[in-house]
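Both ligands and their constituent atoms are indexed starting at 1 by order of listing. These numbers come from a predicted model, not from an experiment. Note that these values count all heavy atoms, side chains included, but never hydrogens, waters or copies made by symmetry.
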Amino acid sequence: MPSTQDTSFDAIVIGAGFSGLAMLHHFNQIGLRTVVLDSADGVGGTWYWNTYPGARTDSEFYYYSFSFSKEVREEWTWKERYPAQPEVKAYLEFVARRLDLYKDIRFGTTVERAVYDEAANAWTVTTADGQALTATYLVSGMGVLSAPNLPDIPGASTFAGESYHTSRWPRDREVDLRGKRVGVIGLGASGVQLVPVVAETARELFVFQRTPNYVVASSNREVDEQWMAQVKENYDESFERAFDHGFAVPFVKPELGAKDASPEERERVFEQGWAEGGFHFMLETFNDLAVDQESNDHASDFIRRKIRETVTDPATAELLCPKDYPFNGKRPPGGHGYYEAYNRDNVHLIDIKSTPIDEITPEGIVVGGQLYELDVLIFATGFDAMTGTLTRIDIVGRGGEVLREHWADGIKTNLGVSVHGFPNFFMILGPQTPYANLPVAIQAGVGWVADAVEYAREHGIERLESTAEAEQEWADEVRRAGSATIMASGAKANAWFIGANIPGKPLEFNVYMGGADAYFRRCAEVADAGYPGFVSETANA
Ligand code: N01
């Protein structure tokens, strides 16, 4: 067990969320002396920071968890179909306790820089509190939607009331919104979860909408004993099915395309998917909603119809209907009373697409010359996704090359795991890994990295690193796969998965849209074949 004084390790892992905890456990199992560093004061990563009202998973509990530990599977009992933030955080705390991980985690430790020293074949990580730690292997488990995006709106810093970003919600005190006038900017998954909850307590809620979303209701409910028992019994089978699914969920794969169904059949299937809720609508109704425009139009029309049926004021309903981009053009959020919230007298929708925000003043937000006075302003404005955490710190590879410079002309990775010029550096959920249910993708990723490291150690390989060719090949495949999908329209919808939500960020797919199942198979093939596409230098090479 490393002591708190130790500075030299086999592996350093950055981040103590799903990725970091799973990586630590897997490294422990192959006997690597590992330390995990995290700026937070507890485990959880995303689930430590995102404590905004309404925060919960968009995936169901039985595949938003790990299957690799029998103890955790059997001893943990979930309470809600879509667990709320405290429940997910408690799960990760349980994982850390049960797998004895806490002793190897240093909290309150912010990594500023990681530098590879070729002569020593080691990474040196320096932290904000002055520690310098070295290790052979460096793993990023920093998360994909973790670097907050605060938009550059004129006057934003002058606001005199309370102002919060959803992912940096105060943790040391309760934010009391009772009797207050609250403004929300941003209606992705975070804003969509927040709106109905804040609507219940705020005196007035002003929702400033630029791009409406296709929100599919999630039908949350309690997990009863019988359901939990059934899940526990079928964990292995369930995860096998998830590994064989394009979105890494254990869902039934539909056989029919929407445009090939009769109108009656289409309606019946869409209604069924809508009632089941959440990702079931997107993934279990028809097999071509992400690739065929005509079929997608049917789904988009169906959701717009649901919005019009739910929202009583026709003008508000029209504003909430996305019309400029298709369903799946943005990551669709799960709703929990979202559209219903607009039927409340204290909720007001303001269209900032046709009339953009003029400025933020000490009193509130000015739109088209009209001041909306606010006591609290909430930014649910998302993240510099996939690459943000990796490019906001200095990760310096061979010859002093910084990772953000390596990607200046476009992201290049080998399977989203490894980067040429950055030996023995691995990313869990790196850019160009699949667009999928993340805990399953994380479980696959940490397993693959642990196997690769074990292979390297067994074969005397000192440096494991992508070749330049393999990296280019994967970048080409990511581009090819992405442009074959409806998600290519994400540029029109400012989608984070194509970098369009951050002004100035290059427009390119930062996730793999070719299917998690295909990706997992490819990773397995690479491992089975002895890691072709990786430079693998042995000690006497
Ligand atoms: O962020 P987003 P998010 N002026 O990027 C708006 C995961 N997640 O935090 O679309 C006005 O989706 C922006 O407007 P527009 C999940 O994968 C998961 O909500 O650019 N508005 C948009 O409405 C999700 O997809 C869960 O016009 C501005 C919003 O901010 C991902 O995280 C929960 C603006 C950003 O939406 C990101 O979700 C939460 C500006 N200048 C998140 N700048 C669960 O599964 C931005 N916006 C539980």
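- Between Asn149 and ligand 1, no pair of N/O atoms sits closer than 3.5 Å.
- Taking every heavy atom of both residues into account, Trp78 and Ser65 meet most closely at CZ2-CB, 3.9 Å.
- Between Phe247 and Tyr435, a ring centre-to-centre spacing shorter than 6.0 Å is recorded.
- Nearest heavy atom pair, residue Thr211 against residue Lys353, reads OG1-NZ, 3.9 Å.
- With a 4.0 Å cut-off on non-hydrogen atoms, Gln193 touches ligand 1 through its side chain and not its backbone.
- Of all protein heavy atoms, the one lying nearest to atom 32 (O) of ligand 1 is Leu145 CD1, 3.4 Å.
- Contacts between Thr381 and ligand 1, counted as non-hydrogen atom pairs separated by less than 4.0 Å, involve both the backbone and the side chain.
- For atom 43 (N) of ligand 1, the nearest protein heavy atom (residue, atom name, distance) is Arg210 NH2, 3.6 Å.
- Contacts between Phe279 and ligand 1, counted as non-hydrogen atom pairs separated by less than 4.0 Å, are absent for every part of the residue.
- If you number the atoms of ligand 1 from 1 as listed, the ones under 4.0 Å from a heavy atom of Ile352 come out as 11 (C).
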> Can you check side chain to side chain contact (heavy atoms under 4.5 Å, CB included) on Asn494 and Arg210, steps first, answer last?
Replying inline: CA-CA 10 Å; Asn494 305 336; Arg210 193 164 66 181; 3.7 Å; yes
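- Taking 4.5 Å as the limit, some side-chain heavy atom of Ile411 sits within range of a side-chain heavy atom of Glu508.
- With a 4.0 Å heavy-atom cut-off, ligand 1 is reached by no atom of Val192.
- Atom 8 (N) of ligand 1 has its closest protein heavy atom at Ala189 CB, 3.8 Å.
- Lys505 and Thr387 share a side-chain donor-acceptor pair at under 3.5 Å.
- In terms of protein heavy atoms, atom 25 (O) of ligand 1 is closest to Trp496 NE1, 2.8 Å.
- Scanning the protein heavy atoms around atom 39 (C) of ligand 1, the nearest turns out to be Ser190 OG, 3.2 Å.
- The N/O atoms of Pro151, backbone and side chain alike, include none that comes under 3.5 Å of an N/O atom in ligand 1.
- Close approach to Leu187 involves these atoms of ligand 1, each under 4.0 Å from a residue heavy atom: 22 (C), 23 (O), 29 (C).
- Not a single N or O atom of Phe383, backbone or side chain, sits closer than 3.5 Å to an N or O atom of ligand 1.
- Remark: minimum distance from atom 45 (O) of ligand 1 to any protein heavy atom is reached at Asp58 N, 3.1 Å.
- Assignment of Lys353 to the shell around ligand 1 is not supported, since no heavy atom sits closer than 4.0 Å.
- Looking at Val13, Ile428, Leu429 one by one, the single match for side-chain contact (heavy atoms from CB on, under 4.5 Å) with Val446 turns out to be Ile428.
- Each of the following atoms of ligand 1 lies closer than 4.0 Å to a heavy atom of Gly186: 6 (C), 23 (O), 29 (C), 30 (O).
- Judged by the 6.0 Å distance and 45° axis criteria, Arg221 is positioned over the aromatic ring of Trp227.
- Near Tyr52, meaning under 4.0 Å from one of its heavy atoms, ligand 1 places the atoms 33 (C), 39 (C).
- Residues Asn220 and Glu80 have side chains that bring a donor and an acceptor to within less than 3.5 angstrom of each other.
- For the pair Ile105/Leu21, a side-chain contact is recorded, criterion being any heavy-atom separation below 4.5 Å from C-beta on.
- In this structure, Leu415 and Tyr512 have side chains that are not in contact, with every pair of non-hydrogen atoms separated by 4.5 Å or more.
- Counting non-hydrogen atoms of neighbouring residues, nucleotides and ligands closer than 6.0 angstrom, the CG atom of Asp176 exceeds 12 such neighbours.
- For the pair Thr381 and Leu150, the tightest heavy-atom approach, listed with the atom from each and the gap, is OG1-CA, 4.3 Å.
- Counting heavy atoms closer than 4.0 Å to ligand 1, residue Arg56 contributes backbone atoms (N, CA, C, O) but none from C-beta onward.
- Note: no N/O pair closer than 3.5 Å links Thr57 and ligand 1 by distance alone.
- When non-hydrogen atoms are compared, ligand 1 lies under 4.0 Å from the backbone of Ala380 (N, CA, C, O) but not from its side chain.
- Close approach of ligand 1 to Gly188 (heavy-atom distance below 4.0 Å) involves ligand atoms 12 (O), 19 (O), 23 (O), 29 (C), 36 (O).
- The minimum heavy-atom distance linking Gly482 with Ala488 is given by the pair O-CB, 3.9 Å.
- Salt bridge present: Glu276 and Arg81 bring a charged side-chain N and a carboxylate O closer than 4.0 Å.
- Using a 4.0 Å cut-off between heavy atoms, Thr211 contacts ligand 1 through both its backbone and its side chain.
- The atoms of ligand 1 that sit less than 4.0 Å from any heavy atom of Asn494 are 15 (P), 20 (O), 27 (O).
- Minimum heavy-atom separation, Tyr48 to Gln85: O-NE2, 4.4 Å.
- Short contacts between ligand 1 and Ile185, defined as distances under 4.0 Å to a heavy atom of the residue, involve ligand atoms 11 (C), 21 (N).
- Remark: minimum distance from atom 16 (C) of ligand 1 to any protein heavy atom is reached at Arg331 NH2, 3.5 Å.
- In terms of N/O distances under 3.5 Å, ligand 1 is not approached by Trp47.
- Of the protein's heavy atoms, Gly382 CA, 3.1 Å lies nearest to atom 1 (O) of ligand 1.
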